[in-house]
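I have placed the structure first, in the form of structure tokens, so that the comments after it can refer back to it.
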There are 2 protein chains.
Amino acid sequence: MATIKDVAKLAGVAVSTASYALNNSTKISMETKLRVEKAARELNYQKNGLASDLKKDKTNTIALILSDLSGPYYSELIKGVQDFATSNGYDLIACSSIGGANSTAVKFLKEKRVDGAIILAHNISDQIALESARDCFPLVVLDRKLPNDNIFHVEVDNEQGGFMATKHLIDRGHKTIAYVSGPSNSLDNNKRFAGYMRALKENGIGFQSKWKIPGDFTREGGYRATKLLIAQQDLPQGIFYANDEMAIGGLQALQENQLQVPDDISVIGFDDIQISEYVSPPLTTIAQPKYEAGALAVQLILQVLEGGKVSPSFSLPTKLVERQSVKHAGV
Amino acid sequence: MATIKDVAKLAGVAVSTASYALNNSTKISMETKLRVEKAARELNYQKNGLASDLKKDKTNTIALILSDLSGPYYSELIKGVQDFATSNGYDLIACSSIGGANSTAVKFLKEKRVDGAIILAHNISDQIALESARDCFPLVVLDRKLPNDNIFHVEVDNEQGGFMATKHLIDRGHKTIAYVSGPSNSLDNNKRFAGYMRALKENGIGFQSKWKIPGDFTREGGYRATKLLIAQQDLPQGIFYANDEMAIGGLQALQENQLQVPDDISVIGFDDIQISEYVSPPLTTIAQPKYEAGALAVQLILQVLEGGKVSPSFSLPTKLVERQSVKHAGV
DNA sequence: ATGAAAGCGCTAACAG
DNA sequence: CTGTTAGCGCTTTCAT
């Protein structure tokens, strides 16, 4: 493969001149520039990016660490990352953390191959993240919180989302509201539940443990939880499912028992996944600002890279998406 | 950031010794090795991957070029690529071709930042692919065919798949079979249609143009095509939809017209997308070996990199997935 | 406007 | 076993 040396030789100039010419420096005369470009074309020259990055001590690239490149993951979030990286002139690569300490992710986190990284991969240990972050190498974590001067954190405000969902039901006249929960070790779930509790409390509604049913974040789990709720013989006026998957399972269980949503009972979900719009009835739910989270993650990295000072942690508000699974509770 | 020089100095050895020690060379005494490792730890040393790759003239990384990191795309294919790259000790990065000639993809294709690449991105021009491939930089394209000694091609045998689908219907006693087609500029579609035609011909069934209906590869298109077929008043015994999305739209249209599948009419799709299994009735369809295609792509690159000689083109057979949308046609 | 030369951080002969 | 040294391909002072 031709190097810049070959180009310089063929053009009859020094390497430095060739470099300037190829990088559109103003100090080169038009004539030599053309000559160098011609030589480059003839030799089919392509610069070695590694060499130039090494010299410049800058890659202009950020890495997005995913737990598995084959998904599934929040595509909106990735879109946010991608859009903002690209539009700020940065390159973006995605790599997977499969393989733990030997993964591609770790290689890119540690070996100065990129200028910064965004981590969305539960299977990468806190320790590795902590070891990787350093001055001039900012890290944004989207799935945990880590105490380090070079690690920034952006999250969706699940507590506020849980509050909002519950409050919506309360505002629509519901006094009895069940909470179908995700796994108890899920931070997201616990935050949503905390929001539910706060809404209840602030509105003078007592919590009843019979109305907190585990649903495991799966469609199947939501279905079973709902069947259980029905079996309890004392139906709440509304059900807040801690995610949409469970709500969809719940919808099916309700339908099987001749319960009309929203006439007989209201249902609200969380996530605003794609099919929520298409189920019957279309699901009222809480949308997470995933795109914004991705975009913000990139912004933070770029700001740090440019020497700016940024807060270590951000919490993004959720949004209520009203569709047709909630209506005013009858008297 | 500490460099290997700093480590060497602190350990009181030469850089070369430090390098050998850190790379587990056998020629270093256990004692010095330990001393170097200790120094590295103290300095929090991490090697600069760019420098080492530059020196070694090898990155041990292959790139997967996607048209958009935020999907959607064939996750099974990516899984195949990822599994095989990882298990052969290669790193894999994904990058997007958004931005055309200025995209991250092009940067990685041209600037020797990776050892090889797999392209699954229609929005990257043939010209760029052709320019990027070179000796010692193999390229595998999954979505087109390109004449170049360093570009390899793997595809799914759509013609054979189309043949297989049609033949299945014929074997089940169907004499009249409609083809709901994708866009006429789709190569995949045309191959599937060619297979359909060959099956008809080989079994002495004449082609009737009224039974080739455009459906655009969308659910909506399949629905409309089917309505049209029904409106023609002369229903075929079976319908071969050129993809599952259309078949699902078709199923709905059939159901709306009180036509029972498979009792009144048989339906077969193509792709074996995830929901095919869950629609009613579960869809009989043609599965594409996407995982295998991804795995093969990696294998080809690795073989070329290791100096092996490989065929320029591969075509992978499809597989019939029998579910419940086809049964023997009545007399 | 152009050239000579230093050096980014690393690896790998080669010599001892 | 360890040290000296050249050099990967590029950018960037510093002279001229």
Side-chain angles (χ1 to χ4, degrees), chain A residues 1-40 43-61 107-108 110-115 134 136-137, chain B residues 1-40 43-61 107-108 110-115 134 136-137:
Chain A
M1 281 265 48
T3 72
I4 197 169
K5 235 171 167 169
D6 302 318
V7 175
K9 194 186 289 175
L10 180 59
V13 298
V15 259
S16 56
T17 307
S19 174
Y20 285 133
L22 261 10
N23 290 294
N24 302 312
S25 163
T26 52
K27 32 167 88 166
I28 298 297
S29 77
M30 192 44 102
E31 196 211 325
T32 18
K33 183 167 153 62
L34 258 30
R35 200 143 37 87
V36 171
E37 285 173 343
K38 179 153 166 287
L43 293 172
N44 198 8
Y45 167 76
Q46 294 294 159
K47 89 150 121 193
N48 182 316
L50 298 180
S52 104
D53 283 356
L54 172 62
K55 178 69 194 176
K56 289 194 291 197
D57 198 21
K58 168 105 179 130
T59 66
N60 219 51
T61 304
K107 171 167 160 179
F108 277 82
K110 297 202 158 177
E111 298 182 354
K112 310 182 181 66
R113 295 168 182 278
V114 289
D115 294 341
R134 50 191 184 274
C136 303
F137 189 78
Chain B
M1 283 264 47
T3 72
I4 197 168
K5 236 173 170 170
D6 303 317
V7 175
K9 193 187 291 177
L10 180 59
V13 299
V15 267
S16 58
T17 307
S19 173
Y20 285 132
L22 262 8
N23 291 294
N24 302 314
S25 163
T26 52
K27 31 166 86 166
I28 298 297
S29 77
M30 191 46 99
E31 195 210 325
T32 19
K33 184 168 152 62
L34 257 29
R35 197 144 39 88
V36 171
E37 283 172 345
K38 180 153 165 285
L43 293 172
N44 198 7
Y45 168 77
Q46 293 295 159
K47 89 150 122 192
N48 183 315
L50 298 179
S52 111
D53 283 356
L54 173 62
K55 177 67 192 177
K56 290 194 292 198
D57 199 22
K58 168 106 177 129
T59 67
N60 218 50
T61 305
K107 171 168 158 176
F108 278 82
K110 296 202 159 176
E111 297 182 356
K112 310 181 180 66
R113 295 167 181 278
V114 288
D115 294 343
R134 50 192 183 273
C136 302
F137 189 78

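All values below were derived from every heavy atom in this structure, side-chain atoms included, with hydrogens, water molecules and symmetry-related copies excluded. So that the names make sense, note that chain A is the first sequence line, chain B the second, and so on, each numbered from 1.
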>> So which atom in A:Arg35 and which in A:Ala11 form the shortest heavy-atom distance, rounded to 0.1 Å?
In response: NH1-O, 2.5 Å
[X] [atom1] - [N] [atom2] separation (whole Å):
| X | N | atom1 | atom2 | value |
| --- | --- | --- | --- | --- |
| B:Leu54 | C:dT11 | CG | C1' | 10 Å |
| A:Leu22 | D:dC10 | CG | C1' | 11 Å |
| A:Ile4 | D:dG7 | CD1 | P | 19 Å |
| A:Glu31 | C:dT2 | CD | P | 8 Å |
| A:Lys5 | C:dA6 | NZ | P | 14 Å |
| B:Lys27 | C:dT11 | NZ | P | 13 Å |
| A:Lys9 | D:dG9 | NZ | P | 13 Å |
| A:Asp53 | D:dC8 | CG | P | 19 Å |

>> Students often get this wrong, so: under 4.0 angstrom with heavy atoms, is B:Asn23 touching a base, only sugar-phosphate, or nothing?
In response: sugar-phosphate
> Just one of A:Asn48, A:Asp53, A:Thr61 clears the side chain to side chain donor-acceptor pair (under 3.5 Å) bar with B:Arg113, so which one?
Replying inline: A:Asp53
May I ask you to evaluate whether [X] reaches the phosphate of [N], defined as a side-chain N or O under 4.0 Å from OP1 or OP2?
| X | N | answer |
| --- | --- | --- |
| B:Lys47 | C:dT11 | yes |
| B:Ser29 | D:dT2 | yes |
| B:Ser19 | C:dC10 | no |
| A:Tyr20 | D:dC10 | no |
| B:Thr3 | C:dC8 | no |

> Just wondering, more than 12 heavy atoms not from B:Lys9 lying within 6.0 Å of its NZ?
Replying inline: no
> Is it the case that more than 12 heavy atoms not belonging to A:Lys5 sit under 6.0 Å from its NZ atom?
Replying inline: no
> Want to settle it: does A:Asn48 or B:Gly12 sit nearer the 5' end of DNA chain D, counting the closest nucleotide to each?
Replying inline: B:Gly12
> How do B:Met30 and B:Asp57 order along DNA chain D: which one's closest nucleotide is nearer the 5' end?
Replying inline: B:Met30
Which nucleotide wins on minimum distance to the side chain of [X], given the candidates [options]?
| X | options | answer |
| --- | --- | --- |
| B:Ala14 | C:dC10, D:dG3, C:dC8 | D:dG3 |
| A:Val13 | D:dG3, C:dG3, D:dG9 | C:dG3 |
| A:Ile28 | C:dG3, C:dT11, C:dT2 | C:dT2 |
| B:Ser52 | C:dT11, C:dG7, C:dA1 | C:dT11 |
| B:Ser16 | C:dC8, C:dG9, C:dA13 | C:dA13 |

> Can you find a donor-acceptor N/O pair under 3.5 angstrom joining the side chain of B:Lys55 to the base of C:dG9?
Replying inline: no
> Is B:Lys107 reaching over with its side chain to a backbone N or O of A:Gly49, donor-acceptor style, under 3.5 angstrom?
Replying inline: no
> Under 3.5 Å, is there a donor-acceptor pair linking the side chains of A:Thr59 and A:Asp115?
Replying inline: yes
